[in-house]
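The structure under discussion appears below in the form of structure tokens.
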Amino acid sequence: MICDNLSVNENGHLVFAGKDTVEMAKKYGTPLMLLDEGKIREKCSIYRRAMQEYFTPDSMPLFASKALSFKYIYKIAASENIGIDCVSGGEIYTAFKAGFPLERAYFHGNSKTDEEIRFAIEHGVGHFVCDSVEEVTAVNEIAQTLGKTQRILLRITPGIDPHTHKKISTGSVDSKFGVAIETNQAYELVEGVLKLGSIELTGFHCHIGSQIFEYEPFCDAAKIMIKFIADVKRMYGYEAQQLNLGGGMAVRYTEDDPEIDYAANIKGIADIVKELCAENDVKMPQILMEPGRSIVADAGLTLYTAGYLKEITGVKNYISIDGGMTDNPRFTLYQSPYTVVVANRMNEACDYKCTVAGRCCESGDIIQEDVMMPKPRRHDIIAVMTTGAYNYAMASHYNKVPKPEVVMINGDDDFTVIRRETYESMISNEI
Ligand SMILES: *Cc1c(COP(=O)(O)O)cnc(C)c1O
């Protein structure tokens, strides 16, 4: 199986995080998202330990909470002693309500509103990651009116193409994020920021993209960033204390994807970073990384109930399910690969080719194309693996489909962490 939290039991049922998924579907109904708390914590601690050991003792992963944002996950992040990255007032608010210590939060985004900036400063968000000249000015002004000094990092575009999907590649010069080194605007911005009274610059950030399997692109980015740090030190006498290398490490979605050793990748990056710092005569900064997908993706599994089989003779077969792009829009958006199985018939031959289709009124509402499975029957339980990241977080109410229930599994325990939406809760804001 693609992850060690998956197996098959004596009834031929798929087991996830020690629980029979068919029993879970019966107990909670479908569509259902299951989360494996042990796996989430394991990933947090792999990052935390490797970063402390290979970079510096104060280096720290920040969970990129846009991948999966709800109260309980911020409680896990708090107890795992890691930071978080938030991209909106809504994410900050959710973390705040969960009791997350916001001094360990980093506020991202290329379009922060005045209200969000004020809210974040008032609630003690530790760092902003500022994206543009105008944003820096706005943060400085608002911090000043509140009588505070806000610590910030500047988001720099290093000009890297990490060979991932265009929509999730973010480090090239024409990106909507950050300020470019290539155009000299990054240097000009640093010079300006150092003169502002209500902002304290603590360092620099870059993020090159997502679902990146190799660690070399991160080394390439680190190389550019450390040279930038050295240039800035020489030009303005300012030495960065923090370097944030962003997120983007890949996860396995199918058997074709290679296995990833995150700790080894971190060591590979750290070796280069240390060498570069020595070469460029800058002190080793505190390193931050922002894993999102690689913390939660394989800690998630989605269960659906099969609807109707449609055989278009000689052309294509479809099995419909009771969810779709409203809870997982990733195939629709990026043609993302997933491993899909019939959870109640794991020991049967996979000799039937079938496309798994969502329930929305869009031909593009597909979960996966041409899956090999036992010929599906109405009321079979269809399981989609590796759905912890960018699924529930991207869920919508299209076609007025309620969002699924989310259940956390922790050892023998299983408990609801997000209730299933009802028709009534869905229309609660409607007049
Ligand atoms: C999306 C994003 C991340 C997380 O990326 P993953 O691929 O999920 O690890 C981290 N930092 C920034 C700035 C992002 O935009």
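When a ligand or atom number is given, it counts from 1 through the structure's own listing order. These numbers were taken from a predicted model, which means no experiment stands behind them.
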*Check whether NZ of the Lys or CZ of the Arg K75 lies under 6.0 Å from the centre of the six-membered ring of F100 and within 45 degrees of that ring's axis.*
no
*So, H205 and Q242: side-chain donor and acceptor under 3.5 Å apart, yes or no?*
no
*Distance-only side-chain donor-acceptor flag, N391 / Y338, under 3.5 Å*: yes
*Contacts of Y28 that satisfy side-chain hydrogen bond (donor to acceptor under 3.5 Å, both in side chains) - sequence neighbours left out*: D414
If you measure from each non-hydrogen atom of [X] to ligand 1, which part falls under 4.0 Å: side chain, backbone, both or neither?
X    : answer
V87  : neither
A64  : side chain
H207 : side chain
F177 : neither

*Determine whether any heavy atom of P291 lies closer than 4.0 Å to an atom of ligand 1.*
yes
*Is there a heavy atom in G248 that sits closer than 4.0 Å to ligand 1?*
yes
Check ligand 1 against [X] and write out every atom of the ligand that is under 4.0 Å from a heavy-atom position of the residue.
X    : answer
E290 : 3 (C), 4 (C), 9 (O), 10 (C), 11 (N), 12 (C), 13 (C)
Y390 : 1 (C), 4 (C), 5 (O), 6 (P), 8 (O)
R293 : 6 (P), 8 (O), 9 (O)

*Take the angle between the ring planes of F128 and F107 and call it parallel below 30°, perpendicular above 60°, tilted in between.*
perpendicular
*Angle class for the F204/Y238 ring planes (parallel below 30°, perpendicular above 60°, tilted otherwise)?*
perpendicular
_Aromatic ring proximity Y106/F63, centre distance under 6.0 Å_ = no
